[in-house]
Amino acid sequence: MTNERPITSRLFTTSVVEGRIELDEKYDKAYNNVITLTRGLTEEESHHALNKALDDRKVHDELCLGLLVSILADPSIASRHYHDLTLVSRDSLKVVTETLIHQIIGERFSRLSESTRRQLLWLVRELVKTGINNVEGVVWCLLRQIAGGDVSPKNVWLAESLVDILRENRPWLDKFPVIVASVTYTYLRILEDHSGPQFAGLRQKEVAFVVGLLRERFQDCLMIGRDLLRLLQNIAKIQEIEAFWKDLIHNPTSLSTGFTGILQLLQTRTSRRFFVVRLTPEMEKKIVFLCTDVKFGMQKRYQEWFQRQYLNTPESQTLRCDLIRFIIGCIHPSNEVLCSDIIPRWAVIGWLLSSCTSPVATANSKLALFYDWLLYNTETDNIMNIEPGILVMYHSMRPHPVLTTSLLDFICRIIPNFHPPYADKIRAGVHNSLRQILEKRVVQSLEPLFDNRHMDVELRKLIRETFPEFCANSVMGEVKHEDFVAPVSSQSVTTMDLLVETGLDFGGSPVNNDSEVNNSNHVGGEEAMFSEDEEEPPSKAPPPPVVKPKVEEIPVTPTPALEVEDVKAKVNDVNSTEEKVDLSNYLEFLENDMKTILLDLQTEKDTKQRCDLLQKLCDLIFSDDLDQVETVNLAFCLCHLLSDDLSPGTSLLPQDISAESIQESLGHPLYVLFDNLITLPEDDHRRQPILQLLVEMHKTTYQVGYHFLYFLKASNIKSDKVQENNESSISTYRDLCKAAGLKDFAGFVIRDLRLLGEDDPRVLSWIIPDIYNSFAKQTRGNAELLQLVLERLDSSQLHDLVCMVLQGSLQMFDNSSFATILEKSLQWETVEQLFLWQLAKAHEIPVDCCLSVMPKLKFTSHSALVSNTHGEALSNILMMLRRESRKMSRSHPENGKRIIKWALTVTSFGF
C-alpha cells in the first residue's frame, strides 16, 4: 500500500458531478497513518506500535478513526483491526460511534459503496455483540435509513440484515426501551411494504420478530402511543398480527397488567421521535426545507423533484402517510413563519393527498391527517396537530372541491366506524378539535365549510347530522367569503402568479380578480393564537438543495485513426444524403470475417442473400463479443448499408393487412437483427452484444427504434400469437432503453413515436394500442404522448381507437389523469381537442373530473374581441353537465336547473 492520494473515495461512491470531499481527505490521512504504523508487523507488534503512538488525545482519535476506515474499506483485515480498535480505544469507542452516527450513517449513508455497506453492518453486529456504549444510537440511525415505500434490493437487504442482528442480540435490545419501541414502530410500518410474494421469507421473519417484541415487551411499546394502533390496522390481516389484535381489544391485561385497553393508547399522543425514525435524514432535510424555506407559489419544482426521487413507484405511495404524520407532528412553525409567505403545511399536505394514485394509500393518508382529531384532548394534545386538517379542507373549497368533500365525508364516517364501541368518545374528540379550532381562530367560522351550497345534498345532510352545533348558526357568526382571504403577508403572491407557478393550486381566492392571496396558515385578519409545543422544534432547515445537472457518462475509447464520438458526429441522418460514404475508415477496426461480410453486403442487391449475410454477421457476434469501438463502427456501417430498409419511401404497413402480407413486410435484412434478439432467452449472455449494437445504431439513426417496434408487433401477427405473446414481445423494446442506460423510458418511447408519426402515421395508429397496453405505467395519462397521437390521426383511425376503448381492449387515460390532460389540451389545436373529447366519451369520463379545470377556462361572446378562448372544452363540459342535470331533474328538478345556471354563470364571467 502507498500513501498516494486515491482518485476515488475509499468509502463513498463518486461521480463526475460528486467527487471527493473534505471528509475523504480526513479519512485517508487517518487510514494512511494506521497502515504506516502496522505495515509488515505481526498482530502483537501492531498492538505495541499503536499503543506507543498514543501520546495525546488527538493521536488517539486519529488512530481510532483510521482503524474504523480500514475496517470499512478492507474486509480482509477487518477482523484484525477491530481487535486492534478494542485494545487501543480509551473512550469505549466513543470516537467510532460518534463518527458512525454523525458522519457515515447520518449524513453519507446513501453514498456508501456496496462493500462499505456490508462492512458497516458487520461492524454494527460486532459492536452490538460486544455491548459497546452508545451503539444503540448507531442502531437508531440505521433504522432511519430503512426507507418506507422502497422495495429496492438495497433497502430490503438493509431491513433484513438489521432484523437479523437484532434477533441474534435480543438480550442487548431489551436493555433499551426506546430502541425496542423504535424497532417495533419501524418494522410494523415496513411490513406493509413487504406484502409481495417475493418477500414471503423476509416477511415471516419480521412478523415473528415484531410480534415477539409486542408480546414480551409491550410495556416498552406503549410509549409509541396512538400511532401503534394505526400501523397495526394496516397489517391486521397477517395471521400473527390478527391474533395479537384480538388480544389487544378483547384481552388487554394478557399483554400487560397495567394496560386497560386501546382507549389508553388512543389517548396517548405519539412522540415525534417515532415520526422522525420513519424518514431518512435526506427526506427529512428536503421536506423541512420545503415547509420552512420555500415561498408559496414557488414550490412546484421542489414538489416535482421530491416526487421523482421518492414517490414515483406504486410501492412508494405508502410513504405519504409517513410524510403527513411527520409534517403534522414535527414541523411546528412559529407565528412569524405562519404569517409569512412561506408555503404553509396544509398546502404541502394537500399536494401529497391530491397526487396520490392508490385508493388504499389515499384512505390511509386521510386517516393519518385526522388521526389526532379522534380523541383530541385540549389539555394534553397540541392545536398544531389538528390545524393542517381543517386548513386543507378550507383552502381547497374552490380550487379543489373534490378534495374538500372527500375529506369532509371521511371525517363524518370515521366517527361511527373507526371503533363502534368508542363512537361517542371519538365524536367528543372531533368536537373538541373543532371547538379549539374556532377558539384559537385557525378559521373564523365553519359555516362556509359545512354549509357549502355547492356540496352534494347527501353530504350536507350527513354533516348536519354529525356536527349540528357547528352548522347554520356558527358560534363565530356569519362570515362572508371575501372575509376569509385577508392578506397578511407583506410579500403576498397574486392568484394569477399561483396559477402559473404552482402545479396544484392550493390557494383560497377566486381567479377573476386581482386580489391577493393569504399565504398564512390561518383565515382571518388577526394574529394567530397558537400554543407552543412542549417538545423541541425540528432542527434548522438546510440550505436550498442544489439540483445538479445530470451528466451522461458516454464511454469513449480512443482509437489510432477514429474516435468513437467522431463516428457518431458524422452520421446525423442516414437518409439525408445520397452520396457514397467511404467505409474503409470504419472497417479497419473490425475483424476480417466481419469486414468481408460487410463488403459483400455493400455490393449484394438480392434481398434474400442480404438477409443471409446479416445472419452470418449475427453468428459472428454471438461467437466473439464486440468491444465498444467495434460496436460503434459496426453500427455506423450497418446504418449506412441498411439505409434503404430504414427509409423505404413507402409505409412499412401493407395496404391490405393479413398474416401473409405482414410476413412479407418483414423480409428485409434489418429485421434479421431484431429476430436474433427476440429468439434468445432473457438470461442468454449472447443477447447483450446484439442489444448494444442496436443501441449504437439507434444513436446513429432514430428510425431503428420505430422499426424495432413495428417488428415486435408484426412478428406476433405473422406467427398467429397476438393475444398470448404480444405484450411480452413488445416489452422487449424496454430492454433497448435499459441497455442505453436511460432512465426516462416515457421520453424514450415518445421520441421514437414522434419520428414514426412524421415518417409513417399509418404505423403509428396501428401500433399505438400495443404501446398503451404494454407500457401502461409510462403511457396512460401522458399528455405529451396523447397529443402526439391525436395530431397524426385521421377520422377513420380515431374511430378504430374509440372502438377499442369501448370494447375494453384499450385505455389511454383514466379519471385521475384526465384533469391534467384537459388542462394541457387547452393549448392544442381544435381538431386535437375534438378528438380528445371523443376519446373522453369512450372512456366514460365523468363531469366531476372536469370541474377543477373550469376556473381556468376563458370564455367570451361572439362580439367580443378576445382571442385564445377555450370553446372546445367549455362546450363539451356544458353538454356533460346538461346530461347530468337531466338525470338529476328526474328526482330533483330544481337542482338540475341550478347546475346549468351555475355552469353558465361561471363560464360567462371567465371564472
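Each residue takes its place number in the sequence, starting with 1.
- In this structure, the side chain to side chain donor-acceptor pair (under 3.5 Å) partners of Thr318, at least two apart in sequence or on a different chain, are Arg189, Asp193.
- In terms of the side chain to side chain donor-acceptor pair (under 3.5 Å) criterion, Ser358 has no residue partners (sequence neighbours excluded).
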Just distance, no hydrogens or angles: give the donor-acceptor pairs under 3.5 Å from side chains in residues 797-806, sequence neighbours left out.
residue	atom	partner	partner atom	Å
Gln797	OE1	Asp794	N	3.1
Gln797	NE2	Ser765	OG	3.3

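- Atoms CD and CG, from Gln703 and Leu670 in turn, are 10.5 Å apart once rounded to the nearest 0.5 Å.
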Show your reasoning for whether side-chain hydrogen bond (donor to acceptor under 3.5 Å, both in side chains) applies to Ser355 and Arg320. CA-CA 10 Å; Ser355 60; Arg320 295 177 190 272; 2.9 Å; yes

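- Residues satisfying the side chain to side chain contact (heavy atoms under 4.5 Å, CB included) criterion with Gln615, sequence neighbours excluded, are Cys618, Asp619, Val672, Asn676.
- Contacts of Lys841 classified as side chain to side chain contact (heavy atoms under 4.5 Å, CB included), with partners at least two apart in sequence or in another chain: Gln838, Asn876.
- Scanning for side chain to side chain donor-acceptor pair (under 3.5 Å) contacts around Arg686 gives Asp684, with sequence neighbours left out.
- Crowding of Gln309 atom CD: a count of heavy atoms from other residues, nucleotides or ligands under 6.0 Å exceeding 12.
- A search for side chain to side chain donor-acceptor pair (under 3.5 Å) contacts involving Asn782 returns nothing, not counting sequence neighbours.
- Taking 4.5 Å as the limit, every side-chain heavy atom of Ile877 sits out of range of all side-chain heavy atoms of Val853.
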| query | salt bridge (Lys or Arg N to Asp or Glu O under 4.0 Å) between Lys699 and Glu696: does it pass, once the steps are laid out? | reply | CA-CA 5 Å; Lys699 291 178 182 177; Glu696 294 301 331; 3.7 Å; yes

Hey, mind stepping through Leu673 and Met697 against side chain to side chain contact (heavy atoms under 4.5 Å, CB included) and telling me if it holds? CA-CA 11 Å; Leu673 292 172; Met697 290 177 67; 3.9 Å; yes

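- Side-chain atoms of Asp814 and Ser817 form a donor-acceptor pair, as typed in the model, at a separation below 3.5 Å.
- The ring-ring contact (aromatic ring centres under 6.0 Å, His included) test applied to Phe748 returns His698, Tyr733, not counting sequence neighbours.
- Atom CD of Glu758 has more than 12 neighbouring heavy atoms from other residues, nucleotides or ligands inside a 6.0 Å radius.
- Other residues, nucleotides and ligands contribute at most 12 non-hydrogen atoms within 6.0 Å of the CG atom of Asp656.
- Considering CG of Asp735 and CZ of Arg687, their distance stands at 4.5 Å, rounded to 0.5 Å.
- In this structure, NZ on Lys605 lies 10.0 Å from CG on Leu601, to the nearest 0.5 angstrom.
- Taking a 6.0 Å sphere around CD of Gln609, one finds it holds more than 12 heavy atoms contributed by other residues, nucleotides or ligands.
- Between the NE2 atom in His640 and the CG atom in Leu646 there is a gap of 11.5 Å [rounded to 0.5 Å].
- Looking at residues two or more places apart in sequence or on another chain, you find a side chain to side chain contact (heavy atoms under 4.5 Å, CB included) between Thr820 and Lys824.
- Here the CD1 atom belonging to Ile845 is positioned 10.0 Å from the CG atom belonging to Leu839, to the nearest 0.5 angstrom.
- Note on Asp612 versus Lys616: no salt bridge recorded, every NZ/NE/NH1/NH2 to OD/OE distance being 4.0 Å or above.
- Taking the ring-ring contact (aromatic ring centres under 6.0 Å, His included) definition, one finds that Phe813 meets it with Phe818, His843, sequence neighbours left out.
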message = Using side chain to side chain contact (heavy atoms under 4.5 Å, CB included), reason through Arg610 and Leu642 one step at a time and then give a plain yes or no.
response = CA-CA 10 Å; Arg610 286 167 64 85; Leu642 302 177; 3.8 Å; yes

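- We find the CG-NZ distance between Leu613 and Lys608 to be 11.0 Å, quoted to the nearest 0.5 Å.
- Using a 4.5 Å cut-off on side-chain heavy atoms (C-beta onward), Asp752 and Leu756 make no contact.
- Legend: residues meeting ring-ring contact (aromatic ring centres under 6.0 Å, His included) with Phe674, ordered by chain and number and at least two apart, are Tyr671, Phe708, Phe711.
- Residues satisfying the ring-ring contact (aromatic ring centres under 6.0 Å, His included) test with Trp766, not counting sequence neighbours, are Tyr710.
- Cation-pi contact between Arg734 and Phe745: present, with separation from the ring centre below 6.0 Å and deviation from the ring axis of at most 45°.
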Could you go step by step and tell me if Gln827 and Glu832 meet the side chain to side chain contact (heavy atoms under 4.5 Å, CB included) rule? CA-CA 10 Å; Gln827 308 301 321; Glu832 297 164 14; over 6 Å; no

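- A salt bridge is defined here as a Lys NZ or Arg NE, NH1 or NH2 lying under 4.0 Å from an Asp or Glu carboxylate O, and Arg118 with Glu114 meets this definition.
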